[in-house]
**Q** 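Take this structure first; my questions come after.
Protein chains get the first letters and strands the later ones, always in sequence-line order, with residue 1 at the start of each.
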Amino acid sequence: MSGDVMEVALRRGFINPSYEIYGGVSGFYDYAPLGAALKKNLEDIWRRYFVIEEGFFEISSPTISPEEVFVASGHVSNFVDPLVSCEKCGSAFRADHLISSAVDVKTDGLSFEELSRLIREHNLRCPDCGGELGEVYSYNLMFKTYIGPGKKKVGYLRPETAQGIFILFPRLYSFYRKKLPFGVAQIGKAYRNEISPRQGLIRLREFTQAEVEIFIDPRDKRHPNFERYAGERLRLLPQDREEEVELTAREAVEQGIVKHEFLCYYLVHTQRFLLELGIPYERLRFRQHLREEMAHYAADCWDAEVRTERFGWIEVVGIADRTDYDLKAHERHSKVELRAFRQFEKPEKRRRLVLEPKMAKLGPEFKRLAKKIATTLRELPESEVRRFAERGELELSIAEERVLITGEHAEVKEVEEVITGEKFVPHVVEPSFGIDRIFYCVLESAYYQREGRNVLRLSPELAPVKAAVFPLLTREELVKVAREVFEEVKRAGILAIFDASDSIGRRYARVDEIGVPFAVTIDFDTLEDETVTIRERDSAQQVRVPKSEVAGILRDLIEGRRRFAELG
RNA sequence: GCGGGUGUAGUCUAGUGGUAGGACCCGAGCCCCCCAAGCUCGUGACCCGGGUUCGAAUCCCGGCACCCGCACCA
């Protein structure tokens, strides 16, 4: 089995538990020097896939939101778990689940006091040990705070970055010149006050999400670029099956296993991204959420999962069809229209009956109510207008008052209108990445041992340090030249390190352990013929190249324009 | 949040009621013509806070962190 990659990650400065000198706080990790660099490289690759290649843009919104945002999104109510603990054995249970499974009572919307009372009334006991149950208490996974002095303005740290995009919809829609589909990306911190964070980077209280919200027309969930991925293979675990099936993207959609092309396109796109990070195909699968684990907003959701040595299958990406849930919710709460416009192929001409209010009569008679009455009359459905035309009168309820409208207040007219299109609430497809988890998977996938030494097989793009420069021996003449080469490499924009201590073998071993892909060594031949060696990490092979070209060659190798094997 | 286990240098570990040794790592130097463990010297630790005691890293209590189970994980 593998050695302990986490031990390497801690010891060599990739990550460390936060607040160590004060005893630590679980659920928080620092990205140490190499980890911060690796994480940044990982995020840049993500940007290449989900921003540049897809033609989307990235935004950055605040991590603290006023509570309205999460009232609307459903997080304030859906994120509160009523828990009850056994006084004797300490097991905790969802109070509402406990009650509804033991007694035929609907628990929806009951207060905690009412839940506590129900437990007492029915003399419910601990299902584990039969012990006495305590009072029901709430546990909300959002961190709460107050905005400004005093406690009037409640705020929450965002539990996901997505809402920051949804609430910007009108601005973003016009930024993208009112055309669907469009996507908006965001990489940022999110916060969940987990009851019991475990497993290092896998369950954090503060973590990094990379999300894209793609707004699409619900009538057309095909993807314009689906063809380029149609033949790609995916390992899928559908909700109604025990075993994984391997299908092409096209087959998955045609068989109705993945609901539509748009979702499936992003399964493939996500897979390509994860493969590029060095996560092997054999350790990857897409698992469809079970109905009961589906989030309150989702119509369909697939998790990309990676099989790790340490933790087994872990979810690293969620790809969900969030439908119009979020936009509708914010529209309802904010009273701001969050809709797109769909133009008809041909404008529709329609004749219809409308009511034209006679303001000259309405005004004096109804005074303050007149304006509201007029608006209501104009917006009256055609069936109501028809009924008014037949009966000659109509009763309305305006601002809690009943008013009688007759022929002298309004006139029925037939109008011809041209309808060029209609408004609708877009659906949202959301690939959502847990960057910290992916970070862990990348480390674990990259890690192996060679002759008892640790090696990180990170791609040059991911590697936090791109190159090392060594004098073969600590002779002044070699060190001097090596320093010159080192300066030149840095001038070429390459993040490199210099090391002249210990034996050359030990120095190679040290840089292998942190995943440096290339090492340049200056030896006595360099003094003769102005050449240096470049050593590749994974093969430990060396080639000689002219000293004057080494920086350029390193850049080509790192940026993928040349391959090491083709150098010699 | 509950139960069990663990907590000695960067890492792995030895140890006794009288205040700590080792290995690797790391630093300086030597040696060294290409893949860790050559030589010399050196830095560096008993998770935190109380209590018992003349004295505690060692015993007791509380906290924190980590590991394993339970619960939780839109």
**Q** Would you kindly check whether a donor in the side chain of E194(A) faces an acceptor in the base of C73(B), or vice versa, at under 3.5 angstrom?
**A**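 Such a pair does not exist between side chain and base.
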**Q** Please state the P separation for the pair G3(B) and G44(B) - nearest whole angstrom.
**A**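 The answer is 41 Å between these two P atoms.
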**Q** Salt-bridge test for R535(A) and D512(A): reply yes if a basic N is under 4.0 Å from a carboxylate O, no otherwise.
**A**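 Yes, this pair counts.
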**Q** Among F498(A), Y508(A), F486(A), F518(A), find the residue that satisfies the ring pair (Phe, Tyr, Trp, His ring centres under 6.0 Å) test when tested with F470(A).
**A**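 Going through the options one by one, the only one that passes is Y508(A).
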**Q** Taking atom types as modelled, is there a side-chain donor on E530(A) or S548(A) under 3.5 Å from an acceptor on the other?
**A**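 No, because no side-chain N or O of E530(A) sits under 3.5 Å from a partner of the opposite role on S548(A).
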**Q** P atom, G29(B) versus C34(B): distance in rounded Å?
**A**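 To the nearest whole Å, 23 Å.
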**Q** Taking only the side-chain nitrogens and oxygens of S26(A), find out if one of them lies under 4.0 Å from OP1 or OP2 of C66(B).
**A**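 For C66(B), OP1 or OP2 has a side-chain N or O of S26(A) closer than 4.0 Å.
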**Q** So what's C70(B) paired with, Watson-Crick or G-U wobble, going by both distances under 3.5 Å?
**A**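 Result: G1(B).
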**Q** Using a cut-off of 4.0 Å on non-hydrogen atoms, how would the nucleic acid contact of R507(A) be classed: base, sugar-phosphate, or nothing?
**A**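 The answer is nothing, as R507(A) stays clear of every strand by at least 4.0 Å.
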**Q** When the P atoms of G62(B) and G21(B) are considered, how many whole Å apart are they?
**A**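 These two P atoms come out 33 Å apart once rounded.
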**Q** Between A36(B) and C68(B), how far apart are the P atoms? Round to whole Å, please.
**A**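 Their P atoms lie roughly 35 Å apart.
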**Q** Quickly work out the E305(A) CD to C73(B) C1' distance and round it to whole Å.
**A**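 It works out to 14 Å between those atoms.
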**Q** Using a 4.0 Å heavy-atom cut-off across all strands, classify E20(A) as base, sugar-phosphate, or nothing.
**A**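 No contact.
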**Q** Tell me whether the side-chain N or O atoms of Y22(A) pair up with the base of C64(B) as donor and acceptor below 3.5 Å, since no angle test is needed here.
**A**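 Donor-acceptor pair under 3.5 Å: no.
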**Q** Look at the side-chain N and O atoms of R506(A) and state whether any lies under 4.0 Å from the OP1 or OP2 oxygen of C25(B).
**A**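 Answer is yes, contact under 4.0 Å.
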**Q** Is there a Watson-Crick or G-U wobble partner for U53(B) with both distances under 3.5 Å, and which nucleotide is it?
**A**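 Pair assignment: U53(B) / none.
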**Q** How far apart are the closest heavy atoms of I165(A) and A185(A), and which atoms are they?
**A**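 That closest heavy-atom pairing would be CD1-C, 4.2 Å.
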**Q** Just how far, in rounded Å, is C1' of A71(B) from CZ of R203(A)?
**A**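 Interatomic distance, CZ of R203(A) to C1' of A71(B): 11 Å.
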**Q** Using atom C1' of each nucleotide, how far apart are U40(B) and A14(B) to the nearest Å?
**A**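 Going atom to atom, C1' in each nucleotide, I get 26 Å.
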**Q** Determine whether the side chains of Y31(A) and D436(A) contain a donor N or O and an acceptor N or O closer than 3.5 Å.
**A**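 The criterion, which ignores hydrogens and geometry beyond distance, is satisfied for D436(A) and Y31(A).
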**Q** Figure out the CZ/P separation between R537(A) and C34(B), and round it to whole Å.
**A**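 Distance check: R537(A) CZ to C34(B) P gives 24 Å.
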**Q** Output the rounded distance in Å from CZ (F470(A)) to P (A36(B)).
**A**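 Roughly 13 Å, once rounded to whole Å.
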**Q** Using the C1' atom as the point on both nucleotides, what is the distance between G10(B) and U43(B), in whole Å?
**A**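 Looking at atom C1' only, U43(B) and G10(B) are 12 Å apart.
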**Q** Classify the side chain of R475(A) versus the base of C33(B) as yes if they form a donor-acceptor pair under 3.5 Å and no if they do not.
**A**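 Absent.
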**Q** By the 4.0 Å heavy-atom rule, please label P159(A) as base, sugar-phosphate, or nothing.
**A**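 If one applies the 4.0 Å heavy-atom cut-off, P159(A) turns out to touch a base.
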**Q** Are R510(A) and C24(B) close enough that a side-chain N or O sits under 4.0 Å from OP1 or OP2?
**A**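 False: R510(A) side-chain N/O out of range (4.0 Å or more) of C24(B) OP1/OP2.
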**Q** Tell me if the side-chain of D523(A) makes a donor-acceptor pair with the base of C34(B), cut-off 3.5 Å, by modelled atom types.
**A**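 Present.
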**Q** Taking only side-chain nitrogens and oxygens of R453(A), does any of them come within less than 4.0 Å of OP1 or OP2 of A36(B)?
**A**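 Answer is yes, contact under 4.0 Å.
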**Q** If you look at every heavy atom in P238(A) and W302(A), which pair is closest and at what distance?
**A**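 Here P238(A) and W302(A) meet closest at CA-CH2, 3.9 Å.
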**Q** Over how many whole Å does the gap from F14(A) atom CZ to G10(B) atom C1' extend?
**A**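 Taking CZ of F14(A) and C1' of G10(B), I get 15 Å after rounding.
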**Q** For atom P, what is the distance between C47(B) and C12(B), given to the nearest Å?
**A**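 Looking at atom P only, C47(B) and C12(B) are 14 Å apart.
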**Q** Using the P atom in both, what is the distance from A56(B) to G51(B), to the nearest Å?
**A**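 Result for the P pair: 11 Å, nearest Å.
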